[in-house]
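Structure first, then comments.
A note on names: the letters A, B, ... follow the listed sequences, proteins ahead of strands, and every chain is numbered from 1.
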Amino acid sequence: MMKRRALLILLASVLACQTPANAAEPAALPRSGMNGIWSGEQGVLWDTSVKPGQKPRAPFTPEYAAIYQEALDASARGQPKADPPAGCLPPGVPRIMASPFPFEIVQTPEITYILYEYMSQIRRVYMTGAAPAAMGLPTFNGRSTGKWEGATLVIETTDMNPLSVLDTTHLPTSDALKVTERLRLLAPDRLEATITLTDPKAYTEPWTVVRTYKRKQGEQILEYVCEENNRNPVQEDGSTGFIGAQ
Amino acid sequence: MALRGFPGIRSAALLLALLTSFPIAAHHSFAIFDRDVQITLTGTVKAFQWTNPHVFIQLMVKNAEGVDEEWSIEGASPNMLFRSGWTNQSFKPGDKVTIVANPLRDGKHGANFVFAQLPDGKTLGQLNSRAPG
């Protein structure tokens, strides 16, 4: 009996010694090298695999090929379809990953935040469970969950607002769109995002593009308030205005 | 389209022609400008709007009758321009400048900034202007 009690006391004291000395310190995040400010290296057109001036290689379904052609024709007539950001609507996911303005990655154990300069957009990537339901409605930035596969951050995003397009050529997606982003460091100052769009209504197969981002010395996130002095509002007929020219 | 005194204008025009085979990165509002045409506006700065989403230079330009007309010349976001060496002092009221720009298709006095010749003689572009001092 004494031996067993002594054993229990010994066990208890051993366990007590395992308590972290300073429980208030957060554990170091596993991939903090991905934190910081990143500036895109490709242009704003979605398909980074083609040269500016070439048509994007979207594997459109017939219906969506026609929708896109209609947008190209309208543009050729000098009456391009209104681009949502022209009216200060956010670009949405995944287009915001093609932003010519930088973004900042901030990791916490439960959420990876991506803070964008453009229109002060914030994405919350939920790392330990499902993303909240967000009133059950689509949103511009969608609902994102993330997990690490080795050193690659894999983000899955669903429930995006189908009003958004992929770039200024009015590249369409549908309400069935799912986005998978695989983020990894190529070097301490270079981030790569492999972005796959899966959209059975719009595309006959998953469509992947690759973008890279540089960490620039001394970069900061500036403010961008679209409504500050927007002199190019979208008119009722969908055309773009120019306020103040007589 | 030769513009004497502006070296590089021909190459800029050629580049533009190559890039317009498919609607490129163009910003939403570019459709309202005629990007095949460049006009030269020489005048005095009335105001410089260093704001998002686009900066504007308000320029007083004498018309054929010698009467001042106000032109609104639109540029990129100040965030981009700041990273390219511009500041909110790049144009000041009273500055005498020459600006090359693409005019509005509807003929009104608005245009899209291409580059400027500044009072100190330097040329100021948007993406690769002179480095900050």
Side-chain angles (χ1 to χ4, degrees), chain A residues 39 42-46 50-56 71-72 74-88 98-102 117-120 167-170 216 218-235 239-246, chain B residues 15-36 46-59 61 63 68-84 101-112 126-127 132:
Chain A
S39 303
Q42 288 71 40
V44 299
L45 293 178
W46 184 252
V50 299
K51 293 184 175 53
Q54 289 182 305
K55 254 181 140 166
L72 294 179
S75 188
R77 283 196 305 272
Q79 297 168 321
K81 288 182 174 299
D83 192 32
C88 293
S99 179
F101 302 90
E117 173 167 303
Y118 190 59
M119 301 188 188
S120 310
D167 62 28
T168 49
T169 67
H170 219 84
K216 289 186 182 170
E219 188 57 276
Q220 55 170 317
I221 298 290
L222 299 170
E223 180 179 85
Y224 185 111
V225 176
C226 183
E227 302 87 342
E228 181 179 10
N229 185 27
N230 185 10
R231 292 176 60 176
N232 302 118
V234 179
Q235 320 275 58
S239 65
T240 301
F242 190 112
I243 296 176
Q246 262 101 52
Chain B
L15 182 66
L16 198 61
L18 286 173
L19 293 176
T20 49
S21 56
F22 185 80
I24 64 149
H27 187 275
H28 55 263
S29 58
F30 278 3
I32 56 176
F33 303 110
D34 188 345
R35 299 182 78 200
D36 292 330
K46 178 183 173 188
F48 181 37
Q49 297 176 355
W50 181 248
T51 56
N52 275 308
H54 294 277
V55 303
F56 281 84
I57 302 154
Q58 302 300 122
L59 193 69
V61 182
N63 64 12
D68 266 342
E69 287 173 338
E70 182 166 344
W71 280 78
S72 300
I73 300 150
E74 176 169 339
S77 156
N79 301 29
M80 304 280 238
L81 296 172
F82 175 71
R83 294 181 171 110
S84 203
N102 309 126
L104 278 173
R105 290 182 189 277
D106 67 8
K108 292 186 180 168
H109 297 151
N112 176 54
Q126 294 207 91
L127 291 183

Item checked: E227(A) portion near chain B, given a 4.5 angstrom heavy-atom threshold -> neither
Next item on the list: Tell me, for D167(A) versus chain B, whether the close heavy atoms (under 4.5 Å) come from the side chain, the backbone, both or neither.
Entry: neither
Margin query: Using 0.5 Å steps for rounding, measure from the OH atom of Y224(A) to the OG atom of S77(B).
Written below: 5.5 Å
Check: Any sub-3.5 Å donor-acceptor pair from H109(B)'s side-chain atoms to Q246(A)'s backbone N or O?
Finding: yes
Check: In Å, rounded to the nearest 0.5 Å, how long is the span from CD1 of I243(A) to CZ of F56(B)?
Finding: 8.5 Å
Next item on the list: Check whether Q58(B) gets within reach of chain A through its side chain, its backbone, both or neither, counting any heavy atom under 4.5 Å.
Entry: side chain
Next item on the list: Please examine the side chains of E219(A) and R83(B), heavy atoms only from C-beta on, and report whether any two atoms are closer than 4.5 Å.
Entry: yes
Notebook entry, point to check: What's the shortest heavy-atom distance between A245(A) and G110(B), and which atoms?
Noted result: CB-N, 3.9 Å
Next item on the list: Look up atom OG1 in T240(A) and atom CZ in F33(B), then write down how far apart they are to the nearest 0.5 Å.
Entry: 9.5 Å
Notebook entry, point to check: What are the two closest non-hydrogen atoms of S72(B) and G244(A), and how far apart are they?
Noted result: OG-O, 3.7 Å
Item checked: Among E228(A), R231(A), M119(A), residue most engaged with chain B (heavy-atom pairs, under 4.5 Å) -> R231(A)
Next item on the list: Among K108(B), R105(B), E70(B), single out the residue with the greatest number of heavy-atom pairs under 4.5 Å to chain A.
Entry: K108(B)
Next item on the list: Working to the nearest 0.5 Å, report the span between CG of N79(B) and CD of Q220(A).
Entry: 9.5 Å
